[in-house]
There are 2 protein chains.
Amino acid sequence: MAEWQAMGLDLHNCPIRSILDQVAAKWPVLILLEVHQEPKRFNMLLRAIPDISRRMLTQGLRDLEQNGLLTRTLFDTRPPAVEYALTALGRSLMDPLLALVDWAALNRAAVAEAHRLYDSARQA
Amino acid sequence: MAEWQAMGLDLHNCPIRSILDQVAAKWPVLILLEVHQEPKRFNMLLRAIPDISRRMLTQGLRDLEQNGLLTRTLFDTRPPAVEYALTALGRSLMDPLLALVDWAALNRAAVAEAHRLYDSARQA
DNA sequence: CCGAATCCTAAACGATACTG
DNA sequence: CAGTATCGTTTAGGATTCGG
């Protein structure tokens with residue numbers, strides 16, 4: 001049995017849901033994956049994630065910082081530099097997250113095949 | 001190193017991204033968690049997930065079926081009954097997914113504390 | 001009971017211009 | 001460089017109604 005059930009928690013009436021809603025989402029996951037490889041600066045992240053906008057990146061970084069998953073370090077140089085890195089809490093999240101990405105990598109063929117089957121079944 | 005990196009895949013130029021975008025999202029995760037406990041019918045799911053609407057549930061179930069993660073079985077009774085259950089592929093996804101929920105359960109206090117810290121720091 | 005179709009609102013998002 | 005601010009658009013989502 002899963003931990004959260006063993007703990008007797010009601011998933012839908014508990015902070016877990018709001019944490020999950022924020023973490024199991026598109027941009028947070030992608031940002032964390034990038035920062036996990038190495039600490040990165042704002043514009044590096046902007047380039048690394050092709051389809052994210054300035055706005056979403058800013059917002060995502062704020063949220064992740066607020067949740068204690070990454071740190072924002074300002075270097076007082078000219079021009080100024082800002083570096084984002086995982087916290088210990090953030091690193092602890094990477095295990096489940098990487099497992100999820102690995103699952104997607106390993107099963108991408110199966111998912112594609114399922115799409116084909118579904119489409120051809122619909123045609124009938 | 002993670003599997004997907006060992007495989008030399010570019011996360012952002014590859015089907016993994018679209019799979020991840022669909023799986024690492026709010027409603028799919030919640031639906032899968034419910035169906036994982038036991039096969040469920042439409043209205044059972046509607047009641048089990050308090051804040052989902054008819055529409056989002058229908059759509060989510062379709063997507064998950066299309067991705068080969070669950071099956072839709074129609075029982076020809078009066079009134080008709082429809083049962084949703086995990087496929088083998090769907091079950092294989094539950095490991096990473098449950099790990100994620102467990103992480104949220106175990107670290108909910110840490111996240112809450114991070115929020116407190118962030119807020120009090122902002123006040124200064 | 002299961003779901004499709006419709007309409008409408010709220011939220012997410014992108015593009016751009018601007019500031020320290 | 002690292003953002004914030006504003007605006008306009010697109011999408012997600014809810015409420016409701018209808019049909020099988």
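Residue numbers start from 1 in every chain, and the chains themselves are labelled A, B, ... in the order their sequence lines are given, proteins ahead of strands.
Spacing between atom CG of Asp76(B) and atom P of dG3(C) amounts to 13 Å, rounded to whole angstrom units. Protein atom CZ of Arg54(B) is 8 Å distant from nucleotide atom C1' of dG3(C), rounded to whole Å. Regarding Tyr84(A), its OH atom lies at a distance of 7 Å from the C1' atom of dA2(D), rounded to whole Å. Separating the CZ atom of Phe42(B) from the P atom of dG19(D) is a distance of 18 Å, rounded to the nearest angstrom. With rounding to whole Å, Arg55(B) atom CZ is found 18 Å from dC18(D) atom P. At whole-Å resolution of the value, CG in Asp51(A) and C1' in dT10(D) are 15 Å apart. Rounded to an integer number of Å, the gap from Arg47(B) CZ to dC1(C) P is 8 Å. Going from atom CE of Met56(A) over to atom P of dG3(D) covers 15 Å, rounded to whole Å.
The side chain of Trp27(B) contributes an N or O atom lying less than 4.0 Å from OP1 or OP2 of dG13(D).
In this structure, the side chains of Ile52(A) and Leu30(A) stay at 4.5 Å or more apart for every pair of heavy atoms. For the pair Trp103(B) and Ile19(A), the minimum side-chain heavy-atom distance is below 4.5 Å.
A donor-acceptor contact closer than 3.5 angstrom is absent between the side chains of Gln22(B) and Asp63(B).
At the heavy-atom level, Phe75(B) lies nowhere under 4.0 Å from the strands shown.
Position along DNA chain C of the nearest nucleotide to Arg41(B) versus Lys26(A) favours Arg41(B) as the more 5'-ward residue.
Here the side chain of Ser53(A) is nearest to one of dG20(C), dG3(D), dG14(C), namely dG14(C).
Salt bridge status for Glu65(B) with Arg72(B): absent, with no side-chain N to carboxylate O gap under 4.0 Å.
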